[in-house]
Amino acid sequence: MDYNLDNEQNKVIQSTAKKIIVEAPAGFGKTYTMICMLDSWIRDSLIKNNKKILCLSFSLSAVNRMRDSLRQLQEDIPENPILPIFATNYHGLGRRILSKYGNFVGLSQSIDNYENTENVVLPQDVNCEITTFKNNIKNDSLSEKQLLIEIEKYNNYLREYYLPKSIIPFDGIITLTIELFQKYFALKNFYRSYYTAICIDEFQDTNRLQLAFIHILMGEDARFVAFGDSMQHIYGFIGAIDNLIDEEILDNSVEYIRLKNNYRFKNSHDMNLLDQNLRSFHENMNSYIPQEVPYIETIHGMNLQDEANKLAKIIKRVTLEYNERIAILFSQNSITTQELLRHLASENITFYNGFFKEDNIDFINFQESTYEAFQTKFARKTLRQTDIAKFMSFIKQNTHVSEYLPSFLSLLEGLLKKAVSSVESINRNDYVKSILSQKILNQSVDKIMDAVYVNTIHGSKGLEWEYVVIANFENNELPNYYDMQDISTFSKEGQLIITDANHEAIQTLINKFYVAFSRARKKVLLSYSDYHWEGRREKPARISCLADVSVLKTKEIHFEE
């Protein structure tokens, strides 16, 4: 079948290697390549009857993107009404396995009945050992062999202090699943033969615990393909392995393929040029001299109020005149961020606010009350398109008002619309209830239709908009205080000075900027102010040191008064 692929994409499809690592930058056709590869495997009958392809990813947004693409694949292969593919994240897979076999490792009830929290009082020595275990994962300070040894001790603490209270720490979902496979070889061999191929997205975000999980799942004859991008490695602070792709391709049995064509920015010279320059600079910081430098427009405010006023004009132009969506992305949820958002609200800008966390008590209560309401309202009928508006109105009227309620409602509406459009009626109600009961409504973030989206750069991972504003583009914001401590050396003018000692820290900062910039399909803008908040005081600010890097030049937008 002709998939209309370029040379590198075709290499992925045609490869017969058992293990492939694909370097796939943002906008280079990764998702299309992945789906064509899966389609090829299915059409060529490489996946035998009753076997599955396991598709894994780090983030829920990436998992949802895979699932949506797989639904399209299902439509294109009508003779295969049920695709032999299961897509989830690492913890979703662990939950699925523990829900069936968790009693073998100490779970007394369904995994969905356990609260994923760590509010447990522990003896001091136990708390110290558990903290050490978590820090070892966070800092990637143990080999895989050492980690597997430590898992048994950690799980024993779970069984003594957590499971009796129906609590499982986040890492415990994977550690208990690993122990299950280590102790019960027949079960491990069943899953190894069941998942005869493993496809991983966002591979660069994998930590050592997740990698151990993957290795246990892989049979000797399994096909393994991982898609990742070294420049989108921004989760090192929570354990994602540094230079994982480089580490993996040292294995001579691994075939390494790098996609080369940027399709997202093919019609935007400046965006394509910035992409190329950032990648070249990332690889050769001390020697790279760009032949051409793009101009990136900046929104410059004399203070936060002035910045918000100018930013509001841009937002209204994009959303009202162009009828496009725009994201405002921040390095951190700082006082400066909150002040800028407050000023934006005073300019009558409404937005989806993604700054809440999954353990936000209002978010947990919202999901629990919505689950109960859904069970009652749809006990005897299936959710349909005509039911959504009425149910949304009921939830809005009967939910405690909180700062993030509009965002919760946007997520719920996205879930309901997705269920109606994508899930067969016989499974629709169960699908909605499973999301709400597991308290994972956040996985609907890619379905929200708000014209303006606000979140951190990390929270935007895997999502896309036509326009993106990187806000608080100032020193002590981007880079933030901790970034600046890692970089440590600036000139008196605040310019970035590259040394051997701060080389990796600068690469991490460039990665963060790259992830933010590459969320834009059409255009990225930079927004900054001459004043921001440090502690409890407003102080003079300087545009980010990233503006001094040789890969770009800034061009201030001038607004008519």
Side-chain angles (χ1 to χ4, degrees), residues 135 138-140 204-205 207 229-243 274 277-279 281-283 285-286 288 296 298 304 307 327-340 355 454-461 468-519 524-535 537-552 554:
N135 286 338
K138 181 178 178 180
N139 300 324
D140 189 29
Q204 76 282 342
D205 293 329
N207 68 26
D229 179 14
S230 299
M231 278 202 67
Q232 294 186 65
H233 171 77
I234 60 172
Y235 284 100
F237 68 100
I238 58 172
I241 302 169
D242 291 336
N243 303 312
L274 180 56
N277 284 353
L278 282 170
R279 289 189 167 277
F281 177 73
H282 186 271
E283 293 176 2
M285 279 187 192
N286 294 316
Y288 178 63
I296 305 301
T298 62
L304 286 172
E307 181 186 358
I328 317 298
L329 303 182
F330 299 83
S331 175
Q332 58 188 349
N333 187 10
S334 63
I335 296 176
T336 305
T337 298
Q338 292 303 315
E339 284 296 303
L340 182 59
F355 279 121
V454 169
N455 207 340
T456 61
I457 294 170
H458 289 88
S460 73
K461 191 77 184 296
V468 166
V469 174
I470 304 177
N472 291 354
F473 193 66
E474 304 134 18
N475 287 338
N476 277 321
E477 295 288 339
L478 181 64
N480 63 32
Y481 172 81
Y482 298 103
D483 293 332
M484 292 183 71
Q485 295 302 305
D486 290 338
I487 295 169
S488 74
T489 49
F490 287 85
S491 70
K492 292 180 180 180
E493 293 76 27
Q495 295 175 323
L496 196 63
I497 298 175
I498 302 170
T499 68
D500 291 340
N502 67 12
H503 189 272
E504 288 188 11
I506 294 175
Q507 279 190 324
T508 299
L509 178 61
I510 292 293
N511 286 358
K512 190 186 298 186
F513 178 74
Y514 177 83
V515 168
F517 137 76
S518 62
R519 300 309 94 202
V524 66
L525 302 100
L526 310 174
S527 178
Y528 71 101
S529 168
D530 290 336
Y531 286 88
H532 67 182
W533 286 82
E534 291 183 27
R537 298 177 60 187
E538 196 172 22
K539 293 185 178 181
R542 185 192 183 280
I543 189 170
S544 171
C545 59
L546 286 168
D548 299 311
V549 176
S550 61
V551 299
L552 63 88
T554 58

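Bear in mind that the values here come from a model prediction, so they are computed numbers and not experimental data.
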Residue pair [X] / [Y], side-chain heavy-atom distance below 4.5 Å:
{"X": "Phe517", "Y": "Val468", "answer": "no"}
{"X": "Phe513", "Y": "Val549", "answer": "no"}
{"X": "Ile238", "Y": "Asn207", "answer": "no"}
{"X": "Ile487", "Y": "Ile497", "answer": "no"}
{"X": "His233", "Y": "Gln507", "answer": "no"}
{"X": "Glu477", "Y": "Ser544", "answer": "no"}
{"X": "Ile498", "Y": "Asn286", "answer": "yes"}
{"X": "Ile457", "Y": "Phe330", "answer": "no"}

Tell me the closest heavy-atom pair linking [X] and [Y], and the distance in Å.
{"X": "Ser331", "Y": "Lys512", "value": "OG-NZ, 3.5 Å"}
{"X": "Asn502", "Y": "Asp486", "value": "CB-O, 4.0 Å"}
{"X": "Ala547", "Y": "Ile543", "value": "CB-CD1, 3.8 Å"}
{"X": "Arg519", "Y": "Leu329", "value": "CG-CD1, 4.0 Å"}
{"X": "Leu340", "Y": "Glu307", "value": "CD2-OE2, 3.8 Å"}
{"X": "Tyr235", "Y": "His458", "value": "OH-O, 2.8 Å"}

Report the C-alpha distance between Asn455 and Asn333 in whole Å, list the side-chain angles of each, state the deciding distance to 0.1 Å, and finish with yes or no for side chain to side chain contact (heavy atoms under 4.5 Å, CB included). CA-CA 8 Å; Asn455 207 340; Asn333 187 10; over 6 Å; no
Pairwise distance [atom1]([X]) to [atom2]([Y]) - rounded to 0.5 angstrom:
{"X": "Asp483", "Y": "Asn476", "atom1": "CG", "atom2": "CG", "answer": "10.0 Å"}
{"X": "Arg542", "Y": "Glu474", "atom1": "CZ", "atom2": "CD", "answer": "11.5 Å"}
{"X": "Asn480", "Y": "Thr336", "atom1": "CG", "atom2": "OG1", "answer": "11.5 Å"}
{"X": "Ser518", "Y": "Leu278", "atom1": "OG", "atom2": "CG", "answer": "9.5 Å"}
{"X": "Trp533", "Y": "Leu304", "atom1": "CH2", "atom2": "CG", "answer": "8.5 Å"}
{"X": "Ile470", "Y": "Thr298", "atom1": "CD1", "atom2": "OG1", "answer": "12.0 Å"}

Go through Asp205 and Lys461 one step at a time and tell me if the side chain to side chain contact (heavy atoms under 4.5 Å, CB included) criterion holds. CA-CA 11 Å; Asp205 293 329; Lys461 191 77 184 296; 2.6 Å; yes
Check: Asn511/His282 side-chain N/O donor and acceptor closer than 3.5 Å: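 Present: a donor and an acceptor within the cut-off.
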Ignoring hydrogens and geometry beyond distance, is a side-chain donor-acceptor pair present between Asn472 and Thr337 at under 3.5 Å?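 Side chains of Asn472 and Thr337: pair found under 3.5 Å.
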Counting only heavy atoms not in Phe237, do more than 12 fall under 6.0 Å of its CZ?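 Enclosed.
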Can you tell me if Gln338 has over 12 outside heavy atoms packed within less than 6.0 Å of its CD?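 It does: Gln338 CD has more than 12 such atoms within range.
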Any side-chain to backbone donor/acceptor pair from Thr456 onto Gln332? Under 3.5 Å, distance only.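 Pair absent, no side-chain N/O of Thr456 close to backbone of Gln332.
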Can you tell me if Gln204 uses its side chain to pair, donor with acceptor, with the backbone of Met231 under 3.5 Å?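 Here the side-chain-to-backbone pair does not exist.
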Does Tyr288 have Arg279 sitting over its ring (NZ/CZ under 6.0 Å from centre, angle to axis within 45°)?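 Cation-pi check for Arg279 and Tyr288: fails.
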